[in-house]
Amino acid sequence: MDLKLIEKKWQQRWEKAKLHGFDKKSDAPKLYVLEMFSYPSGAKLHVGHWYNYGPADSYARFKRMQGYNVFQPMGFDAFGLPAENYAIKTGVHPKDSTEKNIATMENQLKAMGAMFDWSAEIKTCGEDYYKWTQWMFLQLYKKGLSYRKEAPVNWCPSCQTVLANEQVVDGVCERCSTQVVRKNLTQWFFKITEYAEELLTGLDTLDWPEKTKNMQRNWIGRSTGCEIEFPCESGDKIRVYTTRCDTVFGVTYVVLAPEHPLARKLATPEQLPAVEAYIEEASKANEIERLSSTREKTGVFTGSYAINPLNGRRVPVWLADYVLASYGTGAVMAVPAHDERDYQFATKYGLPIVKVIEKQGGETTLPFCEDGIVVGSLDFDGLVGEEARDAIATQISKLGKGGKKINYRLRDWLVSRQRYWGAPIPVIHCPNCGAVPVPEKDLPVRLPYDVEFRPDGKSPLAKHAGFMETVCPVCGKPAQRDPDTLDTFVCSSWYYLRYADPNNEKAPFDRAAADRLLPVDTYVGGAEHACMHLLYARFFTKALRDMGYLDFDEPFKRLVHQGVILGPDGNRMSKSHGNIVSPDDYVNEYGADAFRLYLMFGFSYTEGGPWNDDGIKAIARFLDRVEKIVLKIGGYKAKRDEPYGAEEKALDYARNFAISRIAKDLEAFSFNTAVARLMEFVNALYKYDGVENKNVSLLKAAAKDLILLIGPCAPHFADELWEQTGGKGFVLEQPFPREDPEALRLDEKEYAVQINSKIVCKAMIPSDLDRDAVEAFVLALPEIAARTAGKAVKKCVVVPGRLVNLIVG
RNA sequence: GCGGACGUGGCGGAAUGGCAGACGCGUUGGACUUAGAAUCCAAUGGGAGACCGUGAGGGUUCGACCCCCUCCGUCCGCACCA
């Protein structure tokens, strides 16, 4: 069979029959199966796309055959930096290159033979989509979840532009190799931190890989601690955050982040030059350098002192960049005896070290950072760990100097990008009224085409007068648009909702349409999105719920990550390794079905692994074998239900075993074992076909099941065989075979017989024997009788259907 | 540094605490062919053998690839979060 030829034919027939869409009229249970949409940066689908979409589509097809009304849409995450960088390099406009790439990829996706519902296709760079992305921004703004603040960004002084973290390579600009500095700019943020607690607890309800849930947990980083106020002699108050308030009597100095608002103010006149210099120096270090824990700590004394509210001790106030401005209060109490970092710093600068915790039942070596017995802390001496922290926190509250506090590492989401190829931020800056949201009726704020996007120091849109100049919606006076665009992760935070109602011109989606389809039942995509897209989408869902647009809490009930297909050399595929495997070459030679089947069979789905050419040849051979035996059986004329003896029973068993296992395996995304079960079934068919006096009816029924079982995995191939053997309609419309439990019941089963846990022999034992009868049966076996003669059987373990273990003294 | 995952034949990989290595690749032998390709059949963890084998070492158990502890290696995530 020429797979390439038949694939085209079946794709056309499927399309004509509108076989693949979600059936709005059906009352079958819905199942929303979603794969992460494609990013059209390259012109072609790569192996990773096939690996994500092919097997996931087989799952979707399987569920459809099981009777679900499956919705499986596809679209394009079409805004983003790569298209813009490509434009800067080649001069091809991002819109043009993106549209061209999308057209190519659409064709390739269709050639894959996946049952995508193309009627719901979306492209995030389309006006009809980004209009609603902007709408989302406005709703978040109304709800107080979108706000503007000054924040440090990576800034290249040579290119005069903000850089994304990925564009900073080893502290320098990837384009001009200039040292990148941090600079404060006013940017838009989404208040994802408002949902930190729910984003954390909601994870418990999700059927997601534990690893991914843990990554989100760590990313959110909840910690319980205590805030404590240290009054300064200047009258200022320094609030610190600590998780170890049980060590508060060991504080020997206080440290502020260089960006702390009091940093300059607390500097005494003679210390001011040094403080200024230090702040300047710290601003030059980039984030990655600065956060490196291996770097030697630096700092400067402000000249001021603060008072420890618990013991009245006067301690010096320092600045040091090992303290982060963006976490907690941006200030810490330093306890060198019980904190690794403070210890290093105190040792370097000769600051005192005061031990206030003793190791329980052992020698205390400093720094000692575990829980222990409190000492030198007045009334609190003798308390341990949590009870000490509770008591001290209570005391701090009583003094009115702070109290218990929960903090998260999660930061608000910075969504402004000084970039062209994205959704414009729908805000107008008015000299009189300030930042004014664009009225919803004026959406979309269109992204102009004729823009100079080559970097020359300004946000590309800022140079486009026609875009920038507008009037204030509030006072009507001349005003300027916000020149920034939204992070592309904003576009992808709600696309799964738009699929439910892709052509709605009045709203991002209709509530009823969303309720009909969502949440996504099974979401399949790469693990690299664990702490970005997958977190942002959850945030959007919760925010939209609280604004009354949705009534579910989580967008993706079940999540599966496919692994990564490596090059044949075991390295990640890349141009520099020269190990890129092009799907097209293989699809052209073997067909999409063979390619998909190899991706299912050759790897453990969630693991991935190195590509191997031999594997796909084996699959081509397997398909040939299937075709041969199915067509041969299809040609048998006689209708005969006889005989039905041991050989027939074996075939029937193999058939029903395959049905039962393949259903389980596909459900679990265990594609490699599902294909293995198909192969076993084919082997059984060949074996039975070799029998002389055949039960033709049984054989034909088995061959029919084989076509249906292979249908989800090799859809074109299965439809071709289905047609050639007289099947009506499409395989996808047939119910997935159901196993006959009777056929799986065997009269006798092979047991392994052990004596003292060592296998002695195997025995066929009737299935209807009870435990004692099995023991008696085994003891009567000649090999066993000989070895147990004259010995006492102390114990007999029977695992029904599998094994007997005799413990003999 | 912290956290997680993984480690099984020559290779990809299977195994609810119960016969380790399903299925496939590769290899070897055979059949069919003038010959080869293709196909089909058989064998294939190691060892001549008793036996030994799931990274190493311990433990729990009648029984451990699977559970527990220690160590080694690989990969991934986070990385001064007080």
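All of these numbers come straight from a predicted model, not from anything done at the bench.
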Out of [options], which has the shortest distance to the side chain of [X]?
{"X": "A/Trp219", "options": "B/C23, B/A14, B/C78", "result": "B/C78"}
{"X": "A/Asn218", "options": "B/G3, B/C62, B/C23", "result": "B/G3"}
{"X": "A/Ser223", "options": "B/C62, B/G24, B/A82", "result": "B/A82"}
{"X": "A/Val332", "options": "B/C19, B/C62, B/A82", "result": "B/A82"}
{"X": "A/Arg409", "options": "B/G18, B/C78, B/A82", "result": "B/C78"}
{"X": "A/Glu680", "options": "B/U39, B/A82, B/C23", "result": "B/C23"}
{"X": "A/Lys628", "options": "B/U39, B/G24, B/G4", "result": "B/U39"}
{"X": "A/Arg621", "options": "B/G13, B/G26, B/C23", "result": "B/G26"}
{"X": "A/Ile759", "options": "B/G24, B/G4, B/C19", "result": "B/C19"}
{"X": "A/Tyr241", "options": "B/C62, B/A82, B/C78", "result": "B/A82"}

Provide, to the nearest angstrom, the distance between the [atom1] atom belonging to [X] and the [atom2] atom belonging to [N].
{"X": "A/Met532", "N": "B/G77", "atom1": "CE", "atom2": "P", "value": "11 Å"}
{"X": "A/Leu535", "N": "B/C78", "atom1": "CG", "atom2": "P", "value": "13 Å"}
{"X": "A/Lys297", "N": "B/G1", "atom1": "NZ", "atom2": "C1'", "value": "11 Å"}
{"X": "A/Glu607", "N": "B/C76", "atom1": "CD", "atom2": "P", "value": "13 Å"}
{"X": "A/Ile619", "N": "B/G24", "atom1": "CD1", "atom2": "P", "value": "10 Å"}
{"X": "A/Glu528", "N": "B/C75", "atom1": "CD", "atom2": "C1'", "value": "15 Å"}
{"X": "A/Lys762", "N": "B/A20", "atom1": "NZ", "atom2": "C1'", "value": "11 Å"}
{"X": "A/Asn214", "N": "B/A5", "atom1": "CG", "atom2": "P", "value": "8 Å"}

>> With nearest nucleotide decided by heavy atoms, which residue, A/Asp624 or A/Asn805, maps closer to the 5′ end of RNA chain B?
In response: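 Taking each residue's closest nucleotide, the earlier one in sequence belongs to A/Asp624.
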> When you match A/Thr224 and A/Tyr686 each to their closest nucleotide on RNA chain B, which lands nearer the 5' end?
Replying inline: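 Its nearest nucleotide being more 5', the pick is A/Tyr686.
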> So, does A/Arg538 use its side chain to make a donor-acceptor pair with the main chain of A/Leu199 at under 3.5 Å?
Replying inline: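 At least one qualifying donor-acceptor pair exists.
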> CG/A/Leu324 to CZ/A/Arg409 distance, rounded to the nearest 0.5 angstrom?
Replying inline: 9.5 Å
Does [N] have OP1 or OP2 under 4.0 Å away from a side-chain N or O of [X]?
{"X": "A/Asn683", "N": "B/G24", "result": "yes"}
{"X": "A/Thr673", "N": "B/G13", "result": "no"}
{"X": "A/Tyr327", "N": "B/A82", "result": "yes"}

For nucleotides [N] and [M], find the distance between their [atom1] atoms and express it as a whole number of Å.
{"N": "B/C65", "M": "B/A56", "atom1": "C1'", "answer": "15 Å"}
{"N": "B/C52", "M": "B/U39", "atom1": "P", "answer": "41 Å"}
{"N": "B/C23", "M": "B/G29", "atom1": "P", "answer": "23 Å"}
{"N": "B/G10", "M": "B/G21", "atom1": "C1'", "answer": "14 Å"}
{"N": "B/A43", "M": "B/G55", "atom1": "C1'", "answer": "30 Å"}
{"N": "B/U27", "M": "B/C76", "atom1": "C1'", "answer": "35 Å"}
{"N": "B/A14", "M": "B/G58", "atom1": "P", "answer": "29 Å"}
{"N": "B/A22", "M": "B/G46", "atom1": "P", "answer": "13 Å"}

Determine which nucleotide pairs with [N], using a 3.5 Å limit on both distances of a Watson-Crick or G-U wobble pair.
{"N": "B/C65", "result": "none"}
{"N": "B/A15", "result": "none"}
{"N": "B/G36", "result": "none"}
{"N": "B/C6", "result": "B/G73"}
{"N": "B/U44", "result": "B/G26"}

> Can the ring centroids of A/Tyr598 and A/Phe603 be said to lie less than 6.0 angstrom from one another?
Replying inline: yes
Parallel, tilted or perpendicular: which one describes the rings of [X] and [Y], with boundaries at 30° and 60°?
{"X": "A/Tyr590", "Y": "A/Tyr586", "value": "parallel"}
{"X": "A/Tyr349", "Y": "A/Trp318", "value": "tilted"}
{"X": "A/Phe671", "Y": "A/Tyr605", "value": "perpendicular"}
{"X": "A/His529", "Y": "A/Phe489", "value": "perpendicular"}
{"X": "A/Tyr653", "Y": "A/Phe657", "value": "parallel"}

Assign [X] to base, sugar-phosphate, or nothing according to its heavy-atom contacts below 4.0 angstrom with the strands shown.
{"X": "A/Phe601", "result": "base"}
{"X": "A/Glu340", "result": "nothing"}
{"X": "A/Gly801", "result": "nothing"}
{"X": "A/Lys758", "result": "sugar-phosphate"}
{"X": "A/Asn407", "result": "nothing"}
{"X": "A/Leu803", "result": "base"}
{"X": "A/Glu210", "result": "nothing"}
{"X": "A/Gly328", "result": "nothing"}
{"X": "A/Arg625", "result": "sugar-phosphate"}
{"X": "A/Arg222", "result": "nothing"}

> Ion pair present between A/Lys213 and A/Asp204, side-chain N to carboxylate O less than 4.0 angstrom?
Replying inline: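 Answer for the salt bridge query: no.
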>> For B/G9, does the O4'-C1'-N9-C4 or O4'-C1'-N1-C2 angle fall within 90° of 0, making it syn, or is it anti?
In response: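 Base orientation: syn.
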>> Is it true that A/Asn407 and A/Ser223 share a donor-acceptor pair across their side chains at a distance under 3.5 Å?
In response: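 No, because no side-chain N or O of A/Ser223 sits under 3.5 Å from a partner of the opposite role on A/Asn407.
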